[in-house]
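Written out below as structure tokens is the structure these notes cover.
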There are 2 protein chains.
Amino acid sequence: MHDEANHAAKPEPDNLRLVHLLRAVTVEFGLRQADFAARNGMHPTDVRALICLLDAARAGEAATAGLLGTRLGLNSAGTTAVIDRLERLGHVARVRDDHDRRRILLRVEPAAIRLGRDFFGPLIDGVLQVLDSFDPAEREIVRRFLTATHTVFAMEPRP
Amino acid sequence: MHDEANHAAKPEPDNLRLVHLLRAVTVEFGLRQADFAARNGMHPTDVRALICLLDAARAGEAATAGLLGTRLGLNSAGTTAVIDRLERLGHVARVRDDHDRRRILLRVEPAAIRLGRDFFGPLIDGVLQVLDSFDPAEREIVRRFLTATHTVFAMEPRP
DNA sequence: GGCGATAATCTCGCTCAGCGAGATATTAGC
DNA sequence: GCTAATATCTCGCTGAGCGAGATTATCGCC
């Protein structure tokens with residue numbers, strides 16, 4: 001691999017350009033999360049935790065502390081700390097599970113949801129507008145691409 | 001506003017499902033970065049720094065310490081720390097810019113590039129395979145979608 | 001051609017996120 | 001019941017990243 005920083009643009013294959021484009025989108029999204037975190041006195045991890053909890057709720061899964069830690073790649077001490085921070089800010093509430101009283105269920109408070117909507121709403125709307133400019137057949141292609149890509153990323157090992 | 005009497009699962013609009021799918025991809029990608037970092041004795045920030053430096057090289061930009069800090073959202077102290085860590089591991093080298101001797105240019109060492117290729121290669125190949133299963137017109141649609149989405153994310157404020 | 005203003009990076013001291021180890025509370029198995 | 005397994009929390013520690021300020025190099029001005 002040569003260093004082609006200096007002169008004429010290298011002939012990067014189109015498909016590889018698409019991969020880089022996808023990565024650029026993910027990086028940009030990460031920066032947005034960080035912005036949101038900083039603006040609301042949180043840390044990026046806290047934002048990821050909220051997203052994770054909302055995803056779990058949407059999927060109908062029980063959002064326990066343990067699940068959260070696993071998804072975020074934190075150990076139990078770190079997980080407790082995240083929940084403490086979110087609880088202190090009033091964004092989540094700890095609720096003992098009555099069926100298994102060892103477990104802590106996490107409920108995202110409406111205020112937190114509103115906060116997220118205020119910040120991410122415009123971004124989501126932007127993407128929805130993009131999608132609206134596509135016809136159904138094209139959207140189906142996008143869906144196929146995203147689904148397949150997600151499968152590729154989700155497939156491999158989880159240490 | 002239509003029926004759908006089934007319990008918990010809400011009737012999420014197709015376009016919104018695509019947005020969530022895109023987010024899921026970005027989240028998965030972030031986890032991969034974290035895996036790579038942990039497996040190589042680095043922190044996620046360090047990996048993002050390497051990616052940033054490689055992107056700059058690809059784009060033909062001069063990869064200075066300052067640019068890196070800006071892109072990562074770190075202040076100068078944190079930026080120095082990141083570079084120190086990467087240098088200690090032998091992944092980047094500090095090179096004084098001869099045209100402006102205040103500046104430090106960062107060169108990513110070949111060993112680091114190889115390390116990244118070993119880990120991310122299979123993932124990239126996976127996505128390339130996905131793309132290969134699309135015909136050129138379809139790839140163009142994917143490209144349009146990713147470009148437009150990237151624009152949406154990159155558009156808004158930088159605090 | 002030297003001199004303050006400006007810019008790029010680094011140093012120092014501090015706070016707090018996340019880890020490892022172990023404590024505590026609850027449930028399941030025999 | 002008693003023991004093993006599971007879920008969460010507590011404690012002490014390391015180190016990532018911040019703010020403030022020092023350091024070194026460049027530029028515009030006279």
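None of the values given here were measured: they were computed from a predicted structure. To find a chain, count down the sequence lines: A is the first, B the second, and so on, and within it residues start at 1.
Between the B:R107 side chain and the B:A93 main chain, no donor and acceptor come within less than 3.5 Å of each other.
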When the side chains of residues 129-138 of chain A are checked against the rest of the protein, which donor-acceptor pairs come out under 3.5 Å, sequence neighbours left out?
residue	atom	partner	partner atom	Å
A:D132	OD1	B:N15	ND2	3.3
A:S133	OG	A:V130	O	2.6
A:D135	OD1	A:A137	N	3.0
A:D135	OD1	A:E138	N	2.9
A:E138	OE1	A:D135	N	2.9
A:E138	OE2	B:R144	NH1	3.4

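Hydrophobic side-chain contacts under 4.5 Å tie A:L105 into a cluster, directly or through other members, with A:V95.
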>> Go through it in stages, so that I can follow the logic: the residues are A:E140 and A:R143, the test is side-chain contact (heavy atoms from CB on, under 4.5 Å), and I'd like the CA-CA distance, side-chain angles, deciding distance and then a yes or no.
In response: CA-CA 5 Å; A:E140 174 57 18; A:R143 195 195 59 73; 2.8 Å; yes
> After noting the C-alpha distance and the side-chain angles of A:F29 and A:T26, does the key distance pass the side-chain contact (heavy atoms from CB on, under 4.5 Å) rule?
Replying inline: CA-CA 5 Å; A:F29 185 78; A:T26 74; 5.6 Å; no
>> Run the side-chain contact (heavy atoms from CB on, under 4.5 Å) test on B:R32 and B:D35 for me, step by step, so that the C-alpha distance in whole Å, both residues' side-chain angles and the decisive distance to 0.1 Å come before the verdict.
In response: CA-CA 5 Å; B:R32 285 321 154 116; B:D35 288 357; 4.0 Å; yes
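Applying the side chain to side chain donor-acceptor pair (under 3.5 Å) criterion to B:D84, with sequence neighbours excluded, gives B:R94. Judged as a side chain to side chain donor-acceptor pair (under 3.5 Å), and not counting sequence neighbours, A:R117 has no contacts.
In this structure, CE of A:M42 is placed 16 Å from P of C:dC16, rounded to the nearest angstrom. At whole-Å resolution of the value, CG in B:D46 and C1' in D:dG17 are 12 Å apart. Atom-to-atom, CZ of B:R103 to P of C:dC10 comes out at 13 Å; the value is rounded to the nearest Å. Computed from coordinates, the A:L89 CG to C:dA17 P distance equals 10 Å when rounded to whole Å. Atoms CZ (A:R48) and P (C:dA17) sit 13 Å apart, rounded to a whole Å. Between B:I104 atom CD1 and D:dT26 atom C1' the separation is 15 Å, expressed in whole Å. Distance CZ (B:R71) to C1' (C:dA8): 17 Å, rounded to an integer number of Å.
Proximity of residues 74-85 of chain A to DNA chain D (heavy atom under 4.0 angstrom from any strand atom) is restricted to A:S76, A:A77, A:T80.
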Under 3.5 Å, which N/O atoms of the protein pair with N/O atoms of nucleotides 23-30 of chain C?
residue	atom	partner	partner atom	Å
C:dT27	OP1	A:R101	N	3.1

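Minimum atom distance to the side chain of A:R94 is reached by D:dC9, of the listed C:dA8, D:dC9, C:dC16.
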